[in-house]
Chemist: 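Sharing a structure, written as C-alpha cells. Questions coming.
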Amino acid sequence: MTDPHGHGQIKLQYQPALPIPNGKLFLWLFLSTEIMFFAALIGVYIVIRFGAPDWPGPSKMHLVELIGAANTLVLILSSVTVVLALDAAQKDNASLARLWIAATFLLGGLFLGIKVFEYKSKFSHGIYPALPHSRMYEKPDVYFASAVRERLRVLYARIDADRAEIASKKTNLLAGPQTEDVQRQIKDLDDRDKVLADKKAEYEQAVGPVAGDANASAHALMELSKRIYPVHDEHEKNAEGEAEHESIGLNDKYPELKLPFVVTGGNMWATTYFTMTGFHALHVLAGLVAFVLLLFKRLDRTRAGIVENVGLYWHFVDLVWIFLFPLLYLF
Amino acid sequence: MGKVWSLLFLMVPVLGVGVFLVAPAYGHWLPKDVSAHGHMIDHLFNFILWLTGGVFVATEIALFWFMWKYDAKRNPQAAKFTHGSHNVEVAWTLLPAATLLFIAIYQMNAWAQVKIFKPDMPATVEVTARQFEWRIRYPGPDGKFDTRDDLFTVNDMHLPVGETVLIDLKSADVLHSFFLPHMRMKQDAVPGSKIPMWVKIKEEGMYDLVCAELCGWGHYKMKGRVTAQSREDFDQWLAQLQAEQERTQEPEKPEE
Amino acid sequence: MTEPHDTHGAGEHAHAGHGTTKQYLAVCAALMILTFVSFFTFRLLHNTQVQMTWAVMMAVSCVKALLVMLFFMHLKWEASWKYVLTIPATIMAIFLMIALIPDIKWRFETIAGGRTPSEERKVHMGYEHEPGTPAETEQGGGH
Amino acid sequence: MAAIPHAHDDAHAHAHEHGREMSLGKFLTTYVFSFDHKVIGLQFLFSTLIWFSVGGLLALGVRWQLAWPWTKMPIVGDLFFSSTGGQISPEFYTMLFTMHASIMIFFVIIPILAGAFGNFLIPLMIGAEDMAFPVLNMMSYWFMWPAFLCMIASFFVEGGASAAGWTGYPPLSSVHSAAPASHTGQTLWVMGLIFVGVSSMMGSVNYMTTIIQMRAPGMTMFRMPMTIWGMFITAILQAFALPVLTAALFMQLMDRTIGTSYFIPEGLIVNGAPAGSGGGQPLLWQHLFWFYSHPAVYIMILPAMGMVSDMISTFARKPLFGYKPMIYSIAGIAGLGFIVWGHHMFMSGMSPWLGTTFMVSTIMIALPSAIKVFNWLATIWAARIQYTTAMLFALSFVSLFIIGGLSGIFMAATPVDIFIHDTYFIVAHIHYVLFGGSAMGIFGGIYFWFPKMFGRMMNEFWGKVHFFLTFIFFNGTFYPMHILGAAGFPRRLADPYHYETFQHLLPMNQFITVCAIGMGASQIILAANMIYSLLKGPKCGRNPWHANSLEWTAPSPPGHGNFDFQPVVYRGPYEYASPLVDDDYFPQTRPPVEGEDKLAHH
Ligand code: HEA
Ligand code: HEA
Ligand code: CUA
Ligand SMILES: [Cu+2]
C-alpha cells in the first residue's frame, strides 16, 4: 500500500506546469500559507500596539536588545550553514553536508536556548503571557492595591510563621536544662528572630502604609506603584543619558518580595510578545526535528531535494525573525 | 416532462414577484418610518428592489423560456455549436458594470448623512448596553455628563421630536446592537468604544428598541422602548425623573 | 512534506544556478551589518525621531528579507515561476496588515471609558488634537 | 504525444480482486486508512452527509421555536429538554442556531465540496492516478475526526455546545462569565475549527500541487473542466484565507484558556466579574474572522459553480458558453472576494469611511457573478436539454443563486444594510446562496457522479421526486424570509414576538416551519435512494451520460490508479454537438479528426 505504483498499473505521464519537483512546489505553497499566518499575527500586533493608549518600551519589560540582536545573528549564521549543506549535497559530498546540517542544528538549538533564557528572565520578573500568573497590573487601582496587600499578607504570614516556629523552639529549649550548647542555640534563635523582625519592618517601611489602606487615594497608589516599579520617562532618558534614572524598584531591591506591579499596556505587550516569539519558536523546533531526521540520512545528491526543501523552510523561519526582531525589540 | 419542469421554474418569478406585491398589502413590510433620514433608506431599498426585481424577472423568465423551448424531446435538431461570443460577453460585462457602479455611487450620500457627517453638538443622551438591558443616562439640568445631577433610566428612553438628537452608544460588557426599526437606525455597541448616532424623529409615539446583536442567552429579551414626545413633554418628563431621583437620594449608580 | 516518493514529477530538471560559498558569506556579512544598522538606529534615534526609526528599521528588514530570499532561497537563479509563488502571498500579507490599520485611528476617535491615551503617547503616535468629544474626561464609563 | 501507448493493463479486474479475500488489515488499508483519493473522497462524502442531517435537525429545532415559541417540542422534547418541560430554553435556542450554522458550514458544505468532490474528481478529471501527496491526503481526512469529536463532545459537556453564533464574536465568546452556559462548549468549538482548518490546509496545498503538476499530456490549463477550475481557485482561497482564521482562533483559544485578552477591551465587568486584563480589541476578531469567512462563502460556492457548469453543458448537449470568461469571472470573484469582508461589519462600529470602501468593492463583486449567470443562460439557449435529476438541480442552482445574489445587493448597499442587517433578510440570503446554491449544486453532483463513484445508476424517478419536493419546500421555507426581513424581523432571537413590532409575523413563521419540516423530510428520499442504488441500482458503463471529460473514460468505479490507459487530451471538455463527429459528444481523449484544428476555438 505504501507504493502507489506497486499494483501493476501503468505509470501515468503528466504535463507539469512548473519546472520544479512536487515537493518543492508544495513547500512554496505551504510557505504562502505560513506567510499569511504570521501576517495575521503581526497585523494583530500592529493594531493592538498602535491602538493601545499606552505601550511599554522594550526596556521597561526587561527585554535586552543586544540579546535579540545576537539571536538574529545566530539565525543568520544558521541560514548560511543550511545553504552550504545544500551546496555540499548537490556536489554529492554527503559527509560535508551532514556536518553543515549538524552545525545548523546546533545554531538552531542555540537560538532556542537564548529564547529560553529570555523567557526565564521575563518569568522571574513576574511577566507572563496572561493574567493568572502575571503579576502585572494595568493601572494602580483597587485591584492592584488588593493584590499588593494579598502578596504582603502572604509574605508577612510566612515571616510570622517562621518567627512563631522559632518562638516555640525557644520555649522548648527554655523548658529543658540550660547547658551551654542550649544557651548558644537560644541565642542563635534570637538572632534569627531579629533578622526576620527587621526584615518585616524593612518591608513595611519600604512598601509603606498605602498598601495596607483599602481606601488609599489614587495618588498614593500611583506612588506605591512607582516605588515597586519605577516608571522610566523616555524623554528624560534622552536628555540625561542612560545611567541617570536607574532608580531601582522594590522588586529589584528585594527580589524575594515579588510584589505585583503596574505597567500600563504591559499585559498586551506580554501577550503579543509571547505569542509571536512562541509561534516562531515552535517553527524553529519543527525545523530542528527536520534536521535531526536529516542527520540520519546519507545526504548525497539524490537527497539534495529534501535538503533544499528543509532549507527553504528554515530560511522562512529566519525571514520571520528578521521582522519580529525590530518589531518587538526596537520599536 | 420538460414542460412541467419549465413551468415549475416559471413559478419562481411569478410567485416571487407576487409575494412582494401582496405582502405590503397585509402589512408585512417595512415598519412605518418616523425619522427624518429614513426616507433615504426606504427610497434606496425600493430603488434596489425595482432594479434587482427587473433583473430577477428577466433572468428567471429567460431561464424558463430556454427550458421550455430547448427541451431535447421536442427539439430534434442538434444544439447550436458555439463556444461563446466576444461581443456579447463585452456587452453583458459593461452593462451590469455601469449599473452597479451607479448603485454604488447613488447610495453614498445617504450613508454619509446617517453615519459620517456627525452634527456638531453635545450628546443628548448616553446609552450603555449591558446584558440584558439598556442603561440610559441624561446629562441633567447642567447639560454635562459625569456630574451629580445625571439622570438615569433603564430600558425607557425618551427623546424630543422635531430636533436632531445625538446619542452616544457604549457597552459595558459584550457586543450589542442598538436597533430602532421605525427610525431606520442600527449601530453595534462595542465595549471600549463610544459611538455617536444622531437622528431627528418626526412623529410622536412609542417605539420598540431592539437588541440586534447576539449578546448571550437573554439577547431576545433585551427590549427597550423609545418614547418620542414633544420638547415640552420631554422636558417635563426629565424634570419628573429628576424629582424622583432626588427623592430616592442616591443619584449616582442605581446599581444592581 | 518530504516523503521520498514525491520527488518524482517534474523531476530532475537541474537548477539553473547557485551562489558560490563566497557569495553566501558576503550575503551573511551584509545581513549582519544590516542587523547592526537597525540596532544603532534604535540606539541613536529612537527617543527623538520614533517614526523615522520605524521607517528605517522596516526598510532594513525588507532589504534583509530580500537578500535571504534572493540568495539563500535561490530565487535569484530560479525561473519565472518564482513570481507566481511569491508575489501573491506577499501582496496578500501586506494587504492584510494595511487593511487593519484604519481601525487604529478610528479607535482613538471613539475610545471610551477606562484610559485615554497619555499626552506623551499622543505625541508619539502623531495625534496632535484631542480625540473625541468633550465628555471624554470621564473615568470608568460610570453608570 | 499521440505516440504514447494505450497500455491496457486491466486495473479494472484488479479492483475486483480486492473485494474477495479481505483480511482485516487489508480492509483497514483499503477502506479506512486508505491513501486512495477516491476512498478518501467517499469517506468525506458519507461523513458530511451524516453531519448534514445533524445540522438540518438542529435547524428544525430553531424553526419549532420560532413557530410555536415556548411550547413542548413533539417527539424530542421529553428526550432532550426534560428539565424545561420539553420546551426549548433560550440558552438552548442560541446553541441550536450556532451549532446549526457551524456544522452546515464547516462540517458539511466546505468538506463536501473540497473534501468529497474535490478529492474524488480532481485526479480523475485531470488524468492523474492519485493526488500528489496521498499520505497528506489521508491525514487531511483523519484530521477531521478530532474536529468531529470536539463537536460531538461539545453537545454533551456541561452547559452544552457553543452559543456565540457561528461567527463567535468576542467578548461574548471569549469571556466565560458572558455566556456561563457554554463554558467548555465554546472552547471545543474553537478547537474543532482549528482542526478543520488544518485539514483544509492540507487538502488545499495538495490540490494545488496536483492540479499544477499532474495533468495528463494535452490537458492544458485552459482545457480543464470548470469543476477543476472551481476547485483550484478554491484551494488558492483556502491557502490565503485560512491561516488568518487559524491565527484568530488560536487567539480566541488563548483568551478562553490562559487568560490573555486579545479581544477583550479594558475595564469590562461582565456579569459582575471583571474580565481579563484588557487592552484588546473586539473588532479585531471580526476583521480576522471575515477575512477568512467572506472568502469562505466563495469557497462554498465556486466548486459548486464549477460542477454546475459541467452538468449544464453536458445535459444541454452544447458547449459551455464563454469558457474563458467563466474562468476569469471565477478568478475575479476570488480576487475581489478578499477585499469585501468589511460588508459584514457595516454596523459593527468600524470606521464608516471604511464602510464606503467596502460597499463599493462588494457591489462590484456582483459583476463576475453576473457574467457567470448570463453564460449559464446562454449555454442552455439553443440547446437540447435533457431533464435528468442532475440537470434539474443544476438549473435550480442558477435560478436560486440569482435570488440569493440579488439579495446580496440590498445588503451591500450600506444605507439599506442599516435596516436589514441582522434581520431575516440576511437569513434568506444565506440560505439562498448556501442551500439554493451550494447544496443544490451538491445534490446535482451526487446524482451526476454517483455512477462514477459506485458503478451504479441512481433511481431517476425518485431523484425527480426528491428534486420536486426540495425545490418547492425550499422556496416555501426561505422565500418568505425576505418579507420577514423587510419587516425588520431580527435574526438570532429566541422569541421575537416579545416586540410588538413583530407580533403579526407569527403566522408566516408557522408557514415557514411547516415547509422546513417538509424539506427535511424530503431529504429522506435522497438518503433512501442513495442506499438503495448503492446496493441494487442498475450497473452502468464508463460513460452513462455521454459526457466528455476525462473521468468518464475511466472504469466505473475506477480501480486503483484510476486509468487503465494513458489519457491524452486533445480538446476542451465541452465539445458537445460538434459538427465534426456524428455523436453529439466528443470526449477529450478521442484522437483528433480532420479539420478540427481549423474549428478549434481555444
Ligand atoms: C455561498 C455563499 C455566499 C455567496 C455566494 C454570497 C454572495 C454575496 N453576498 Fe453574502 N453572505 C453569506 C454567504 C454568501 N454570500 C453568508 C453566509 C452571510 C451571513 C453571515 C452571517 O452574518 O451569519 C452573508 C452576508 C452578506 C452580507 C452581510 C449582511 C449583513 O450581515 O448585514 C452582505 C453585505 O453586503 C453580503 C453580500 C453578498 C454579495 C453582494 C454577494 C455577491 O457575490 C452576489 C453576486 C450575485 C448576484 C448579484 C446575482 C447574479 C447577477 C445577476 C443576475 C446580474 C445582474 C445583477 C445586477 C445588475 C445587480 N452577504
Ligand atoms: C450550508 C448552510 C446551511 C444550510 C444547508 C441550512 C439549512 C437550513 N437552515 Fe440555516 N443557517 C445557516 C446555514 C445553513 N442553513 C447559517 C450560516 C445560519 C446563521 C447562523 C447564525 O446566525 O449564527 C443559519 C441560520 C438559520 C436560521 C436563523 C436562526 C436565527 O437567526 O435565529 C434558520 C431559521 O429558520 C435556519 C433554518 C434552516 C433550515 C430550516 C434549513 C433546512 O434547509 C435544513 C433541511 C435539512 C434537514 C432537516 C436535514 C434532513 C436530513 C435527513 C433527514 C437525512 C438525510 C440524510 C442523507 C442525505 C444521508 N437557519
Ligand atoms: Cu444585547 Cu443582544
Ligand atoms: Cu460576505
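The shown structure was predicted, so the numbers you read here are calculated from the model rather than taken from an experiment. Residue numbers begin at 1 in each chain, while the letters A, B, ... track the order of the sequences.
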Chemist: Begin from the C-alpha positions of W54(C) and F50(A) and carry the test ring-ring contact (aromatic ring centres under 6.0 Å, His included) through to its verdict.
Modeler: CA-CA 13 Å; W54(C) 290 342; F50(A) 294 102; 5.0 Å; yes

Chemist: What part of L34(C) lies closer than 4.5 angstrom to a heavy atom of chain A: side chain, backbone, both or neither?
Modeler: neither

Chemist: I need the minimum non-hydrogen distance between A304(A) and Q90(A), along with the two atoms involved.
Modeler: CB-CG, 3.8 Å

Chemist: Could you check if a side-chain atom of L330(A) sits within less than 4.5 angstrom of a side-chain atom of T53(C), using non-hydrogen atoms only?
Modeler: no

Chemist: Return the minimal non-hydrogen interatomic distance between W100(A) and T81(A), and the atom names on each side.
Modeler: CB-O, 3.5 Å

Chemist: Looking only at heavy atoms, which two atoms of M36(A) and A93(C) are closest? And how far apart?
Modeler: SD-N, 3.8 Å

Chemist: Quick check on the interface: out of F39(C), F36(C), Y24(C), F71(C), who has the most heavy-atom pairs with chain A under 4.5 Å?
Modeler: F39(C)

Chemist: L324(A): which residues meet the side chain to side chain contact (heavy atoms under 4.5 Å, CB included) condition with it, sequence neighbours left out?
Modeler: I42(A), M276(A), H280(A), V320(A), W321(A), L328(A)

Chemist: Who are the side-chain hydrogen bond (donor to acceptor under 3.5 Å, both in side chains) partners of S79(A), not counting sequence neighbours?
Modeler: H315(A), D318(A)

Chemist: Report yes if some heavy atom in the side chain of R49(A) is under 4.5 Å from a heavy atom in the side chain of W269(A); otherwise report no.
Modeler: no

Chemist: Determine the option with the most heavy-atom pairs under 4.5 angstrom with chain A, choosing from L75(C), T90(C), V60(C).
Modeler: L75(C)

Chemist: Based on non-hydrogen pairs under 4.5 Å, which of L312(A), T33(A), L86(A) is most in contact with chain C?
Modeler: L312(A)

Chemist: Tell me which of these, G68(A), G43(A), A17(A), has more heavy-atom pairs under 4.5 Å with chain C than the rest.
Modeler: G43(A)

Chemist: Let me confirm one number: the NZ-NE2 distance from K24(A) to H74(C), rounded to the nearest 0.5 Å.
Modeler: 8.5 Å

Chemist: Do E308(A) and R303(A) sit within salt-bridge range, that is, some charged N less than 4.0 Å from a carboxylate O?
Modeler: no

Chemist: Name the member of L31(A), L73(A), T72(A), I35(A) that forms the most heavy-atom pairs with chain C at distances under 4.5 Å.
Modeler: L73(A)

Chemist: Quick check on the interface: out of L327(A), L77(A), L25(A), L66(A), who has the most heavy-atom pairs with chain C under 4.5 Å?
Modeler: L66(A)

Chemist: side-chain contact (heavy atoms from CB on, under 4.5 Å) for I48(A) and W55(A)? Distances and angles first, verdict last.
Modeler: CA-CA 9 Å; I48(A) 290 198; W55(A) 196 258; 4.1 Å; yes

Chemist: Minimum heavy-atom separation for L75(A) to F111(A), with atom names?
Modeler: CG-CD1, 3.6 Å

Chemist: Side chain, backbone, both or neither: which part of F325(A) has an atom under 4.5 Å from a heavy atom of chain C?
Modeler: side chain

Chemist: I need the contact set between residues 80-88 of chain C and chain A: heavy-atom distance under 4.5 Å, sorted by residue number.
Modeler: W81(C), L85(C), T86(C)

Chemist: Would you please go through residues 61-68 of chain C and name the residues with a non-hydrogen atom below 4.5 Å from one of chain A, in numerical order?
Modeler: S61(C), C62(C), K64(C), A65(C), V68(C)

Chemist: How about W314(A) and F72(C): are their ring centres within less than 6.0 Å of each other?
Modeler: no

